[in-house]
**Q** 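Below you will find the structure I want to go over with you.
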Amino acid sequence: MTRAATAFDRSAVLLVGLVLVASGLAAAGWQLGRLPVASQPSQQFSTGQLAQWPDQAWWPVTLAVTGVILVLLALRWLLAHRPARRLPAVTLDGTDESGRLRADLSAVAQAAATALAGDLSIRSARGRALDDRGRRTIELTATIAAESRLPAVEQATTAIARQVHELAGPDVAVRIRCHSARPA
Amino acid sequence: VTTTPMSTDPISTAPMTTDPMSTAPMTTASTATPRRPASAPAAAPVAGLLVLLVLAAGAALIRDALVAWDVIGGTAWTTTPLQNLDVVQAQSWMVPAGVALALAGLALMIIALLPRKHPEVALGSSGNVWLRSGDLARLAQADATQIAGVVRVRAQASRSTVRVQVVTTAADPEPVQEAVTRSLTATFAPLDPAPAIRVRARTLGDS
């Protein structure tokens, strides 16, 4: 999920919260006669005008346009929550007029995972390349045995991180998340 | 423009081995550090629910437009309540309902602003390697089980504290408690920050 999607989620929830607080306070204030527009609970508002709306020619058009806008907004919002998108290949140092040197980050991630899984302290590993809150990141998820020694795990993972940096360049961050298997 | 084999086989020429004694130069502060692992914000599931509500509202409005144009049969959902309204006036339920609504809104506002949780703890100081704090309990259990005299282990862990209860066959649980504490302290020393270790030992049969 991108930072923009997270920010939109938060803003939408905040806005709905504000609207609920405002309408809740307005409803209670109305009954208590504390609203500036209704100083008496018995004060009535005529909705006669409102009841005429469905008979107007513009009504169905307004409904359809609003409905389509809401559906499109919801679909766009849903799309923003799809899993982090794949990263394009990075251009490596050494690229010049004679040719481009590029690294496919997903392939680098998978290769690094395979290499990491080869270490004795690691049971299995998988890798992916993602845009994590605006930072290009190769993320490896490793499962370690509960009996593993953390210094050995640290040594293996740090070595892999170093190699990925050498391959993909210093601008690509490397994150290795370790999960422990259940104790045997 | 030519492309190197890098695009199809990224490791053909790279020393992608796990040999920790690799002669590659150490990377330093010039490399990008990853962002700290974080759970999805608490607002995300609520936002998911809002998406569905917006989608349902949009579909309902489109349906009503089609009903108004006589494309499909039925009664418009939005029209009937509007036409039934004539005069609105404060009702007796508005105070309790309004207060409940305002409290729900306040809860949503708090949820919207809650910071993300960071359930993982760093292994080493590089910021590259992370361990789920829930997994510390598993590591602690495996570690304590290997101490001589320990027959049963229960472990709980948060990011800052590992709590372990062990049952021992030794008549005096004190030395076992110390041994387990020493071992766990050494085990979790590579974590940054290292969690506090709390161990309680009791002799098998004692309550």
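As a basis for the values below, the full set of heavy atoms in this structure was taken, side chains included, without hydrogen atoms, waters or symmetry mates. These numbers were taken from a predicted model, which means no experiment stands behind them. Proteins get letters first, then strands, A, B, ... in listed order; numbering begins at 1 in each.
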**Q** Ala137(B), Gly58(B), Ala59(B), Ala57(B): which one forms the most heavy-atom pairs within less than 4.5 Å of chain A?
**A** Gly58(B)
**Q** Please classify the contact of Ala38(B) with chain A as side chain, backbone, both or neither, using a heavy-atom distance under 4.5 Å.
**A** both
**Q** Can you name the nearest heavy-atom pair linking Arg177(A) to Pro37(B), along with the distance?
**A** NH2-CB, 3.7 Å
**Q** Is there a side chain to side chain contact (heavy atoms under 4.5 Å, CB included) between Trp130(B) and Thr141(A) once you walk through the steps?
**A** CA-CA 10 Å; Trp130(B) 297 84; Thr141(A) 307; over 6 Å; no
**Q** Quick check on the interface: out of Leu113(B), Val99(B), Thr145(B), who has the most heavy-atom pairs with chain A under 4.5 Å?
**A** Leu113(B)
**Q** For each of Glu120(B), Arg138(B), Arg63(B), tally heavy-atom pairs with chain A at distances under 4.5 Å, and name the one with the top tally.
**A** Arg138(B)
**Q** Count the heavy atoms belonging to other residues, nucleotides or ligands that lie under 6.0 Å from CD of Gln156(B), then report whether that count exceeds 12.
**A** no
**Q** In the structure I gave you, are the side-chain heavy atoms of Cys178(A) and Val129(B) within less than 4.5 Å of one another anywhere?
**A** yes
**Q** Any idea which heavy atoms bring Leu61(B) and Leu63(A) closest together, and the distance?
**A** CB-O, 3.6 Å
**Q** What part of Val68(A) gets within 4.5 angstrom of chain B, counting heavy atoms only: side chain, backbone, both, or neither?
**A** both
**Q** At a heavy-atom separation under 4.5 Å, does Ala22(A) approach chain B through its side chain, its backbone, both, or neither?
**A** neither
**Q** Any donor and acceptor pair, going by atom type alone, linking the side chain of Arg35(B) with main-chain N or O of Arg175(A) inside 3.5 Å?
**A** no
**Q** Would you check if the side chain of Arg10(A) reaches a backbone N or O of Leu114(B) as a donor-acceptor pair within less than 3.5 Å?
**A** yes
**Q** Nearest 0.5 Å please: distance from the OG1 atom of Thr78(B) over to the CH2 atom of Trp53(A).
**A** 11.5 Å
**Q** What distance do Gln91(B) atom CD and Gln31(A) atom CD have between them, rounded to the nearest 0.5 Å?
**A** 8.0 Å
**Q** Which of the residues Leu140(A), Thr66(A), Val13(A) is involved in the greatest number of heavy-atom pairs with chain B at under 4.5 angstrom?
**A** Val13(A)
**Q** Any heavy-atom pair between the side chains of Thr157(A) and Asn128(B) that's under 4.5 Å?
**A** no
**Q** Need one label for Ala168(A): side chain, backbone, both or neither, based on atoms under 4.5 Å from any heavy atom in chain B.
**A** neither
**Q** Please report the closest heavy-atom contact between Asp171(A) and Ala32(B), naming both atoms and the distance.
**A** O-CB, 3.5 Å
**Q** Do you know which of Gln52(A), Glu154(A), Glu147(A) has the most heavy-atom pairs with chain B at a distance under 4.5 angstrom?
**A** Glu154(A)
**Q** Identify the heavy atoms of Met94(B) and Ala27(A) that sit nearest to each other, and give their distance.
**A** CB-O, 3.5 Å
**Q** Taking side chain as everything from C-beta outward and backbone as N, CA, C, O, which of these in Leu73(A) sits under 4.5 Å from a heavy atom of chain B? Side chain, backbone, both or neither.
**A** side chain
**Q** Leu14(A) vs Leu108(B), test: side chain to side chain contact (heavy atoms under 4.5 Å, CB included). Steps then yes/no.
**A** CA-CA 6 Å; Leu14(A) 189 68; Leu108(B) 283 189; over 6 Å; no
**Q** With respect to chain A, which residue among Ala76(B), Gly98(B), Ala112(B) yields the maximal number of heavy-atom pairs within a distance under 4.5 Å?
**A** Ala112(B)
**Q** Test side chain to side chain contact (heavy atoms under 4.5 Å, CB included) on Asp143(B) and Arg149(A) and set out the steps.
**A** CA-CA 9 Å; Asp143(B) 192 77; Arg149(A) 309 307 299 177; 3.1 Å; yes
**Q** Heavy-atom pairs under 4.5 Å with chain B are the metric here; pick the option from Gly134(A), Pro170(A), Ala181(A) that has the most.
**A** Pro170(A)
**Q** What's the verdict on side chain to side chain contact (heavy atoms under 4.5 Å, CB included) for Leu150(A) and Leu123(B), showing C-alpha distance, side-chain angles and the deciding distance?
**A** CA-CA 8 Å; Leu150(A) 290 182; Leu123(B) 176 57; 4.1 Å; yes
**Q** Kindly give the heavy-atom pair with the smallest separation between Ile62(B) and Ala64(A), and that separation in Å.
**A** CG1-O, 4.2 Å
**Q** State the CG-CG distance between Leu55(B) and Leu75(A), to the nearest 0.5 angstrom.
**A** 6.0 Å
**Q** With a 4.5 Å cut-off on heavy-atom pairs, point out which of Ser126(B), Gly124(B), Ala68(B) contacts chain A the most.
**A** Gly124(B)
**Q** How many angstroms lie between CG in Asp135(B) and OG1 in Thr143(A), if you round to the nearest 0.5 Å?
**A** 9.0 Å
**Q** Hey, does the side chain of Arg135(A) reach the backbone of Thr33(B) with a donor-acceptor pair shorter than 3.5 angstrom?
**A** yes
**Q** Would you find more than 12 non-hydrogen atoms of other residues, nucleotides or ligands less than 6.0 Å from Arg154(B) atom CZ?
**A** no
**Q** Looking at Leu79(A), I'd like to know if its CG atom is crowded, meaning that more than 12 non-hydrogen atoms belonging to other residues, nucleotides or ligands lie closer than 6.0 Å.
**A** yes
**Q** Please classify the contact between Ile144(A) and chain B as side chain, backbone, both or neither, with a heavy-atom cut-off of under 4.5 Å.
**A** side chain
**Q** Give me the atom names and distance for the closest heavy-atom approach of Leu70(A) to Val54(B).
**A** O-CG1, 3.4 Å
**Q** Answer with side chain, backbone, both or neither: which region of Val65(A) has an atom nearer than 4.5 Å to a non-hydrogen atom of chain B?
**A** neither
